[in-house]
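This structure is a prediction, so every number in the text was calculated from the model and none was measured.
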Amino acid sequence: MQNSRQEHLFKILVIGDLGVGKTSIIQRYVDQSFSTNYRATIGVDFALKVLNWDSDTVRLQLWDIAGQERFGNMTRVYYREAVGAFIVFDITRPTTFEAVKRWKEDLDSKLTLSNGKSVAIVLLANKCDLNRDELKNNGIKVDQFCKDNGFVGWFETSAKENTNIDRAANCLVKYIIASENDILKSVVPDSISLQLNSRRNSNCSACLNS
Ligand SMILES: Nc1nc2c(ncn2[C@@H]2O[C@H](COP(=O)(O)OP(=O)(O)OP(=O)(O)O)[C@@H](O)[C@H]2O)c(=O)[nH]1
Ligand SMILES: [Mg+2]
């Protein structure tokens, strides 16, 4: 029998305000490294992460977009053909949480999938190593916010301590693959389900649609 290993290539955006930790999260995820030095990203940077996903291969092309780009006019170009996004904020700076909505509006106004839906977005509450109670202290109700604003899920993350970054990425990939299957199913209703959205990440408690 032929090997039916499939390859998926997903363009994923990583956006959010200046200094929230986008580059650090990507470096942790891709290189398993962390630096306390802050060097602002200029424009956009790229990284690739390859995942074994059941019997398939998933390549995540990560677009690390500089925080200052929200005020520029290049985001339309950067967003093109993305199928998912992380929006990141810094739990110690509430203004970066307020900016999440504006990033999402920017994204939704400039990018829709071929099926007319908006791209899957996972929210990352980063720097959770600094203060576990910070969200509560600042009165930030992330659960409700994500439900109201159509996020796929959210995670408290730390690039420094490597907390929840793999889980957040798995949540996003799982959602994207499941939507791909939905599209396939609606086109070929009698095809055999590949079960790509099997229960492998069922412990993804912060993932609203799991
Ligand atoms: N304590 C802590 N510091 C972090 C964490 N993630 C990032 N930082 C620090 O926050 C600063 C900014 O991180 P970057 O990853 O450069 O932020 P960015 O979002 O890419 O910023 P721009 O490129 O300017 O948009 C750096 O000094 C990092 O070391 C984290 O999880 N915990
Ligand atoms: Mg950066």
Subject >> Distance-only polar pair, side chains of Trp53 and Asn170, donor-acceptor under 3.5 Å >> reply: no

Original post:
When you measure from the side chain of Lys160 to the backbone N and O of Ser24, does any donor-acceptor pair fall under 3.5 Å?
Top reply: no

Original post:
In terms of side-chain heavy atoms, does Asp90 have a donor or acceptor partner in Thr96 at a distance below 3.5 Å?
Top reply: no

Subject >> Donor + acceptor pair across side chains of Arg5, Thr57 (<3.5 Å) >> reply: yes

Subject >> Euclidean distance, Lys11 NZ relative to Leu60 CG, rounded to 0.5 Å >> reply: 13.5 Å

Original post:
When Lys110 is tested against each of Asp108, Thr112, Asp106 for side-chain contact (heavy atoms from CB on, under 4.5 Å), which residue passes?
Top reply: Asp106

Original post:
Hey, are Lys22 and Thr41 close enough side-chain-wise for a donor-acceptor pair under 3.5 Å?
Top reply: no

**OP:** Check the angle between the aromatic planes of Phe145 and Phe151 and answer parallel, tilted or perpendicular using the 30° and 60° thresholds.
**Re:** tilted

**OP:** Please round to the nearest 0.5 Å and tell me the distance separating atom CZ of Arg28 and atom OG1 of Thr23.
**Re:** 14.0 Å

Original post:
When rounded to the nearest 0.5 angstrom, what is the spacing between CD1 in Ile165 and CD1 in Ile25?
Top reply: 5.5 Å

**OP:** Calculate, to the nearest 0.5 Å, the distance between atoms OG1 and CH2 belonging to Thr75 and Trp63 respectively.
**Re:** 12.0 Å

Subject >> Close side-chain approach of Ile65 to Leu13, heavy-atom, < 4.5 Å >> reply: yes

